[in-house]
Amino acid sequence: MKRFIIKTSFFVAPFLIFYFINTKFYKKDEGDLVRLGYIYNNPSPSSEIIAQYKPLENKFTLISESDLSQNVNMDVLTIGDSFSDQGTPGYQNILANKGISVVHVDRFLSEENPIQVLIELINSDFFDRIKTKYVVLETVERYAVDRTSELSFTQSRSITDITKQIKKYKEKKSKSTDSNTLQKVEFFSDATIKVPLFNFQYLFLNRPLYADVYRFESENNLIFSNKPEELLFYKGDIKSLVEKNDDKKVSQANKVFNKINQLLEKKGIKLIVMIAPDKYDLYYPYIKNKPKGKEPLFFEKLKKEKKEYLYIPSYSILSEMIKKEKDVYFYDDTHWTMKGADAMSESIYNMIKNKKAVE
């Protein structure tokens, strides 16, 4: 028995060591890039950046909080993905705090494809009940081409459909456990091995085998708090470059936005398109050893397209901000910080007040 325990300990001991190291250095509850990349070193945690901002009063409304049996009136309806799902520090709430009434289509209602869902809402009785002057359609850049490639302009989603979906979601949520607790590394999981293995590979590779996160050396350590020496990017930002750099596909995406604007204008509504830049595109100039053949060109190509809709020049606004300020995006996350969200809300605000596109 003693010999068995000794032999077993030789096998179990490394796993115990890995587990305790992971518990100490791997923080799953920080930014998504640290979580997906299983990264130990995080010199600029998103929690520290968020703590620097004074919390805003929540002044925007969710569709799920609205009485859909009555007419709902607002200045702006917003719909999008995770960049539109940042809660009180998000661009919608900052815009609402500027005196613009905002209602947001909950992400669970549109997460499969906010562009398709908007088309379905236009085709139904939704905008007969939901009265708005503007619709802000947001999509992250890496999915902009894909989300506009295969759409149905005949499908619809009525107020009744939305109401049923909200009820079903709330019932499901009430049965689920609290998701706001700290995330811990489980001993009996592949993370016990993946975390140390990935961190070892990051010593030699920009992206470990099967990893979802790239780590490049930075040319400027002043663009994020605490002066990190590396830049973190989601794999999808780079994987989607072929599509994002395709002239025809970018042109097709623009045609879709023009068509959606035409449909909304028939209802007396103007479309505002806001494409959230991929972090890789924004911070590409700051990569020390830039990967060959991986230059992002999406916004350069989109700029040349003729637009009938109002367009938020997010890439140029945020690129200029990075030259002057740090933490426009989170170091350890794919999303913009409250600084970036504020810049987007200011652009939308000025566009509404001036009633014209910002060039």
Side-chain angles (χ1 to χ4, degrees), residues 56-139 147 151-180 257 259-274 309-310 345 348-349 351-352 355:
L56 288 174
E57 180 184 352
N58 185 55
K59 289 191 175 182
F60 80 104
T61 307
L62 296 171
I63 282 292
S64 63
E65 299 169 342
S66 306
D67 182 1
L68 300 181
S69 65
Q70 305 292 326
N71 285 351
V72 180
N73 297 283
M74 84 288 297
D75 297 318
V76 176
L77 178 84
T78 62
I79 184 169
D81 49 39
S82 58
F83 279 84
S84 296
D85 193 36
Q86 292 183 307
T88 53
Y91 71 88
Q92 301 103 319
N93 194 47
I94 299 173
L95 185 62
N97 274 268
K98 297 177 189 290
I100 303 293
S101 56
V102 180
V103 175
H104 177 60
V105 178
D106 306 60
R107 193 179 176 195
F108 73 85
L109 294 170
S110 65
E111 60 185 344
E112 62 265 37
N113 184 345
I115 300 172
Q116 176 64 57
V117 172
L118 177 56
I119 293 169
E120 293 172 10
L121 296 179
I122 295 171
N123 290 338
S124 73
D125 60 348
F126 183 82
F127 286 105
D128 296 331
R129 186 73 51 80
I130 308 301
K131 306 291 185 178
T132 186
K133 301 171 186 174
Y134 299 89
V135 168
V136 174
L137 172 60
E138 176 273 317
T139 177
R147 284 173 173 166
L151 294 169
S152 169
F153 278 87
T154 59
Q155 291 183 29
S156 67
R157 190 177 304 194
S158 67
I159 287 286
T160 301
D161 295 331
I162 294 290
T163 303
K164 289 179 180 179
Q165 196 173 350
I166 291 171
K167 182 180 179 181
K168 186 176 180 180
Y169 176 80
K170 287 182 176 180
E171 289 174 351
K172 182 180 178 181
K173 190 176 180 182
S174 66
K175 295 177 183 178
S176 65
T177 56
D178 184 10
S179 61
N180 294 320
F257 295 139
K259 186 172 182 179
I260 294 174
N261 179 66
Q262 292 166 7
L263 294 173
L264 282 171
E265 283 190 329
K266 291 178 181 179
K267 297 177 179 290
I269 303 168
K270 191 65 181 178
L271 176 67
I272 299 175
V273 173
M274 181 171 70
Y309 54 90
L310 299 178
S345 72
I348 297 169
Y349 179 83
M351 187 173 288
I352 291 172
K355 296 181 180 179

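The structure presented is a predicted model; accordingly, all values stated were derived computationally and were not measured.
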So L151 and N113, side-chain contact (heavy atoms from CB on, under 4.5 Å) or not? Walk me through it. CA-CA 10 Å; L151 294 169; N113 184 345; 3.8 Å; yes
Could you go through the side-chain contact (heavy atoms from CB on, under 4.5 Å) check for I122 and I260 one step at a time? CA-CA 9 Å; I122 295 171; I260 294 174; 3.9 Å; yes
Please assess L310 against L271 for the test side-chain contact (heavy atoms from CB on, under 4.5 Å), listing each intermediate value before the final yes or no. CA-CA 6 Å; L310 299 178; L271 176 67; over 6 Å; no
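Atom CG of N123 is separated from atom OG of S158 by 12.0 Å, given to the nearest 0.5 angstrom. I63 CD1 to L121 CG: the interatomic distance, rounded to the nearest 0.5 Å, is 8.0 Å. Taking NZ of K170 as the reference point, atom CD of Q165 lies at 12.5 Å (rounded to 0.5 Å). The distance from the OG1 atom of T88 to the CD atom of E57 is 10.5 Å, given to the nearest 0.5 Å. If you take CG on L95 and OG1 on T78, they are separated by 8.5 Å, rounding to the nearest 0.5 Å. Here Q92 contributes atom CD and I100 contributes atom CD1; the two are 13.5 Å apart, rounded to the nearest 0.5 Å.
Using a 4.5 Å cut-off on side-chain heavy atoms (C-beta onward), F126 and L118 make no contact. The side-chain heavy atoms of S84 and R107, taken from C-beta on, include no pair separated by under 4.5 Å. Using a 4.5 Å cut-off on side-chain heavy atoms (C-beta onward), V135 and L264 make contact. Between V136 and L77, the closest side-chain pair of non-hydrogen atoms is not below 4.5 Å. Between F257 and L137 the shortest side-chain heavy-atom distance falls below 4.5 Å.
D161 and S156 get closest at one heavy-atom pair: OD2-O, 4.4 Å. Here the shortest heavy-atom pairing between N93 and K59 reads OD1-N, 2.7 Å. Between S124 and D128, the shortest heavy-atom contact is O-OD2, 4.4 Å. For the pair S82 and Q86, the tightest heavy-atom approach, listed with the atom from each and the gap, is O-CG, 3.9 Å. Closest non-hydrogen pair, M74 versus V76, comes out as CG-O, 3.1 Å. V117 approaches I79 most closely through the heavy-atom pair CG1-CD1, 4.0 Å.
Residues satisfying the ring-ring contact (aromatic ring centres under 6.0 Å, His included) test with F60, not counting sequence neighbours, are none. Every residue meeting the salt bridge (Lys or Arg N to Asp or Glu O under 4.0 Å) condition with R147, not counting sequence neighbours, appears here in chain and number order: D81. Legend: residues meeting salt bridge (Lys or Arg N to Asp or Glu O under 4.0 Å) with D106, ordered by chain and number and at least two apart, are absent.
R157 contributes a side-chain N or O that, together with a main-chain N or O of L109, makes up a donor-acceptor pair within less than 3.5 Å. With hydrogens and angles disregarded, no donor-acceptor distance shorter than 3.5 Å links the side chain of S66 to the backbone of L68.
E120 and Q116 share a donor-acceptor pair across their side chains, judged by distance under 3.5 Å alone.
For the salt bridge (Lys or Arg N to Asp or Glu O under 4.0 Å) condition, the pairs that include at least one residue of residues 61-79, sequence neighbours left out, are D75-K133. Applying the ring-ring contact (aromatic ring centres under 6.0 Å, His included) test to residues at least two apart or on different chains, the pairs with a partner in residues 91-123 are F108-Y169. A salt bridge (Lys or Arg N to Asp or Glu O under 4.0 Å) check over residues 260-269, counting only residues at least two apart or in different chains, returns the pairs E265-K270.
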